[in-house]
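Beneath this line is the structure, given in structure tokens, with notes to follow.
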There are 2 protein chains.
Amino acid sequence: MTDGLMPIRKMCEVFDVTPRTLRFYESKELLFPVREGQKRLFTRRDRARLKLILRGKRFGFSLEEIRQLLDLYDIGDRQETQLRRAHEAARTHLIDLEQQRADLDEAIAELKAQMAWAEAQLSRTCSNDAAE
Amino acid sequence: MTDGLMPIRKMCEVFDVTPRTLRFYESKELLFPVREGQKRLFTRRDRARLKLILRGKRFGFSLEEIRQLLDLYDIGDRQETQLRRAHEAARTHLIDLEQQRADLDEAIAELKAQMAWAEAQLSRTCSNDAAE
DNA sequence: CGTTTTCTTTACGTTCACGTCAACCTCACT
DNA sequence: AGTGAGGTTGACGTGAACGTAAAGAAAACG
């Protein structure tokens, strides 16, 4: 039975990151690989977290922001106060994400418009070329 | 008639950035304010570009990437080759944006699920509290 | 057994995106 | 003429997110 423990090299291949990055994330308490002697073994949980870390980065969040958000996806048994704080943080985060989605839609629309304009220009240039 | 020229202080207020940031962007050839004596005056074009810069940053693009993309929105009369290259860059960028949109939708869905779970936990805790 | 590979820690270096400070104009008041 | 507010150009500092090089342990291979 694959216990899901993954050595650092394999992790690097799967997620396309360097060993340094993984060690760095561990030092920042974003990942918690177990040890087999000296060596790190990353758990299923680490992989789930890493996926979220990389996604968070794409959206422009800092590692520290991500670290706080990760706890949201990592709630086992925690105090009500903590849960409330996490929920509130999530709400804030959600608002941010939805704003970002709106911005993104706008950006996509504008970019498409620009591309359409460029295409029009290109076809015009083309017919001009043909005319001369 | 407002010629649309805006001094640095006003720019900072409108876009919520520091003077340093604007000067930095100018040094990186992202903005091109005109000069009145020593002082910078930002044009309508600068404001349009700055808006795109700030949006680009939210999506995790580097200033250098943004600089290249800005040229897309800044095409006056350019050669066909340049136009083709710009169009191709736009296409690549668009793909990236749409991928990002998909990721974002996924992230939002997951976050909402987590929040729902947290809410369920909270109501459970609440009733437990009441029971004991 | 020695050697090569892979991992480790430690530590200093680097890039990006500005912040911060010094020293200097220059225009508006008074 | 003085004084202060707001602008300017360097130049050096800083925090985040790693890169990279050095030195050593440990597992794998011939």
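Numbered from 1 within each chain, the chains take letters A, B, ... in sequence-line order.
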Please list, one pair per line, the donor and acceptor atoms closer than 3.5 Å that link side chains of residues 86-95 of chain B to other protein atoms, with sequence neighbours excluded.
from: H87(B); atom 1: NE2; to: E119(A); atom 2: OE2; distance (Å): 2.7
from: E88(B); atom 1: OE1; to: R91(B); atom 2: NE; distance (Å): 3.4
from: E88(B); atom 1: OE2; to: R91(B); atom 2: NH2; distance (Å): 3.4
from: T92(B); atom 1: OG1; to: E88(B); atom 2: O; distance (Å): 3.1

| Charged N-O contact under 4.0 Å between R58(B) and E106(A) |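 Salt bridge between R58(B) and E106(A), a charged N being under 4.0 Å from a carboxylate O: no.
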| Polar side-chain atom of R47(B) near backbone of G4(B) as donor-acceptor pair, under 3.5 Å |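 Looks like yes, one N/O pair under 3.5 Å.
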| Annotated protein contacts, base or backbone, on nucleotides 7-25 of chain D with a non-hydrogen cut-off under 4.0 Å, one of B, S, - each | SBB-------BBBB-----
| request: Would you please say whether a donor-acceptor pair under 3.5 Å links the side chains of Q68(A) and E64(A)? | output: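 Present: a donor and an acceptor within the cut-off.
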| message | Students should find this one: the first and last nucleotides of DNA chain C, 5' to 3', lying under 4.0 Å from a heavy atom of chain B. What are they? | response |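 Range of nucleotides within reach of chain B: dA17(C) to dT20(C).
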| said: Heavy-atom count check: over 12 atoms from other residues, nucleotides or ligands less than 6.0 Å from R45(B) CZ? | reply: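 Atom CZ in R45(B) is packed in, count exceeds 12.
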| task | Show the numbers, then the answer: is there a salt bridge (Lys or Arg N to Asp or Glu O under 4.0 Å) between R9(B) and E13(B)? | result | CA-CA 6 Å; R9(B) 181 61 45 173; E13(B) 287 170 15; 5.8 Å; no
| query | In this structure, which one of R67(B), R35(B), R20(B) forms a salt bridge (charged side-chain N to carboxylate O under 4.0 Å, His left out) with E26(B)? | reply |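 Of the listed options, the one satisfying the test is R35(B).
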